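Below you'll find the structure, written out as structure tokens, and then a few comments.
This chain uses plain numbering: 1 for the first residue, then up along the sequence. These numbers come from a predicted model, not from an experiment.
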Amino acid sequence: MRGTTPSPGGHRPPLRLFVEAEIRRLVDDAAALRSAETAFSALARGAALVPPPMGVDLPETAGEVHVKGAWIRGSPVFAFKVASGFYGNAARGLPTGSGLVLVFDSSSGFPLAVLADNGYLTDLRTAAAGALAVRLLTPDTPLTAAVLGTGVQGRMQLRLMSQVRTIGEVHAWSPHPESLTSYVEEMSDTLRVPVIARETPASAVSAADLVVTATPSREPFLDVGMLRRGSTVVALGSDGPEKRELTSELVALADKVVTDLTSQCSRLGELHHAVDDGLMSSDDVHAELGQILVGERTGREGSEDIVCDLTGVGVQDAAIAEVAFSALMAGRAT
């Protein structure tokens, strides 16, 4: 990778700035899917140094900020990202998410680049993790999907999941009903499959093989008895200790609970609430996603109810940042 070491004579490497349009042009879905495999494989092999994430809530403005990052052993760079979610922005006609990524030289610690992506890489790596979960935890047959939450992740998750499994039909629900019409129209055109608006979470998930929850909810809206037997739930909204989309009973009664990182999910995710309510412990988790990816643990085995708790791990940010930085440097060199 070019530009990752100090130049002769002890000069610091230049600090480069890459803007969102350039990043979007050079980092696509395929790159994100590859980065997810790199990230979770490294995590499973013990090759990732991942500090605990830092989170700050700004209740006066319905905002939150997360700082995450990691180093994958052997990589010439490490990375940290700052991602924000300000949910009042929608009423002002503004995106709810933003952020940037900082890339550093792993041999010297010097900063190499600011990826001013406005949260694009965070959104993309989150969707890639969901797609990896679907690949590992669902049967390889056409799936009926339910998507609960029609924001950026409600779109991106479905887009990337459709690249690893055939999606035959989609049932969508949103806590903001006014957004459903545009979502149904957009995703019908994107996927070329029926996308049906539903008035309640229960009606959306009743016939679904795959359920994706992608909201900032702080009250559970999925409970025991709502889901079809043998379904896979990919829950990604609970990335903070106060957030939750599933009841503790639903999590605890699943045949398998899979996490992105169990130690983190026990503090931030759906697992956190089930543990706090005394219904299970971290030892009851079947596997981390990376363990299934590398073959250490089993994925789906028959008609099981599976809950996959995704809180977003810093190694995902490091992996996609490396992919992005390499592509961006190569793009400017041509």
Q157/V147 under side-chain contact (heavy atoms from CB on, under 4.5 Å): CA gap, chis, key distance, verdict: CA-CA 9 Å; Q157 289 283 335; V147 179; over 6 Å; no

Cluster companions of L279 among Ile, Leu, Val, Met, Phe, Trp, Tyr (side-chain spacing under 4.5 Å): none

Pairs meeting criterion salt bridge (charged side-chain N to carboxylate O under 4.0 Å, His left out) with involvement of residues 35-46, two or more places apart: E37-R135

Distance in Å, T247 OG1 paired with D277 CG, rounded so as to fall on 0.5 Å steps: 9.5 Å

Sidechain-backbone polar pair: H286 side chain, I306 backbone, donor-acceptor under 3.5 Å: no

T38-S35 side chain donor-acceptor pair, cut-off 3.5 Å: no

CG on D223 to CD on E249, rounded to 0.5 Å: 6.5 Å

N/O donor-acceptor pair under 3.5 Å between Q264 side chain and G312 backbone: yes

From CA spacing to verdict: side-chain contact (heavy atoms from CB on, under 4.5 Å), Q291, F40: CA-CA 8 Å; Q291 292 176 306; F40 286 104; over 6 Å; no

Heavy-atom pair of closest approach, residues A235 and T213: CA-OG1, 3.1 Å

Under 4.5 Å side-chain linkage, directly or through intermediates, the cluster mates of L271: L148, W173, V205, V211, F221, L222, V224, M226, L227, V233, L246, L250, V251, L253, V257, V275, M280, V285, V307

Contact summary for E245 and S217, nearest pair of heavy atoms: CG-CB, 4.3 Å

Member of V103, I320, V27 meeting the side chain to side chain contact (heavy atoms under 4.5 Å, CB included) criterion with F325: V103

Pairwise salt bridge (charged side-chain N to carboxylate O under 4.0 Å, His left out) hits with a residue in residues 18-32, at least two apart: E20-R24, E22-R332, D29-R159

Exam field: side chain S106 to backbone P76, donor-acceptor pair closer than 3.5 Å: yes

For the student: nearest non-hydrogen atoms of A70 and P51, plus distance: CA-CD, 4.3 Å

Euclidean distance, L115 CG relative to R16 CZ, rounded to 0.5 Å: 12.0 Å

Ion pair E301/K256, N-O distance below 4.0 Å: yes

E288 side-chain N/O to T262 backbone N/O, donor-acceptor pair under 3.5 Å: yes

Side-chain donor/acceptor of E304 to backbone N/O of D255, under 3.5 Å: no

Remaining members of the apolar cluster that contains L268, side-chain heavy atoms under 4.5 Å: none

Distance, nearest 0.5 Å, that separates CG of L261 from CG of L310: 11.0 Å

Short side-chain donor-acceptor distance under 3.5 Å, S75 and E322: yes

Any donor-acceptor pair under 3.5 Å from Q316 side chain to V313 backbone: yes

Polar side-chain atom of S326 near backbone of V323 as donor-acceptor pair, under 3.5 Å: no

Pairwise salt bridge (charged side-chain N to carboxylate O under 4.0 Å, His left out) hits with a residue in residues 197-215, at least two apart: D209-R228

Nearest heavy atoms of P175 and P177, plus distance in Å: O-CD, 3.4 Å

Heavy-atom side-chain contact between V77 and F104 under 4.5 Å: no

Connected via hydrophobic side-chain network under 4.5 Å: V212 and V184: yes

Side-chain donor/acceptor of R155 to backbone N/O of E186, under 3.5 Å: no

side-chain contact (heavy atoms from CB on, under 4.5 Å) between V65 and L58, worked out: CA-CA 8 Å; V65 183; L58 288 73; 4.2 Å; yes

Side chains of H66 and P53 in contact at under 4.5 Å (non-hydrogen atoms): no

Straight-line distance of I167 CD1 to L210 CG, nearest 0.5 Å: 5.5 Å

R229, CZ: over 12 other non-hydrogen atoms inside 6.0 angstrom: yes

C265 vs H272 side-chain heavy atoms within contact, under 4.5 Å: no

L143-V258 co-clustered via ILVMFWY side chain contacts under 4.5 Å: yes

T150 vs H176 side-chain heavy atoms within contact, under 4.5 Å: no

Lys/Arg N to Asp/Glu carboxylate O, E219 vs R244, below 4.0 Å: no

H171 side chain vs A146 backbone, donor-acceptor pair below 3.5 Å: no

K243 side, atom NZ; H273 side, atom NE2 - distance, nearest 0.5 Å: 10.5 Å

Pair T122, K81: side-chain N/O donor-acceptor within cut-off below 3.5 Å: yes

Pairs touching residues 123-132 that satisfy side chain to side chain donor-acceptor pair (under 3.5 Å), sequence neighbours left out: R125-D317

Over all atoms of both residues, closest heavy-atom pair of S282 and S266: OG-CB, 3.5 Å

F80-V114 co-clustered via ILVMFWY side chain contacts under 4.5 Å: yes

Residues that R165 engages under salt bridge (Lys or Arg N to Asp or Glu O under 4.0 Å), provided they are two or more places apart: D140

Check: T138/T232 side-chain N/O donor and acceptor closer than 3.5 Å: no

Where A133 and L289 come nearest, the two heavy atoms and their spacing: CA-CD1, 3.8 Å

Whether over 12 other heavy atoms sit under 6.0 Å from E296 CD: yes

Cluster check M156, V234: I/L/V/M/F/W/Y, side chain < 4.5 angstrom: no

Sub-4.5 Å side-chain heavy-atom contact between P52 and R267: yes

Sequence-distant partners of A44, side-chain contact (heavy atoms from CB on, under 4.5 Å), two or more places apart: V294

Ring pair (Phe, Tyr, Trp, His ring centres under 6.0 Å) partners of F86, counting only residues at least two apart: none

Donor-acceptor pair, side chain of S188 and main chain of E185, under 3.5 angstrom: no

Counterpart residues, salt bridge (Lys or Arg N to Asp or Glu O under 4.0 Å), relative to D57 (two or more places apart): R218

Side-chain donor-acceptor contacts of residues 93-101 below 3.5 Å, not counting sequence neighbours, with atom names and distances?
from	atom 1	to	atom 2	distance (Å)
S98	OG	N118	OD1	3.4

Contact check, side chains of D309 and E270, non-hydrogen atoms, under 4.5 Å: yes

L160-L137 co-clustered via ILVMFWY side chain contacts under 4.5 Å: no

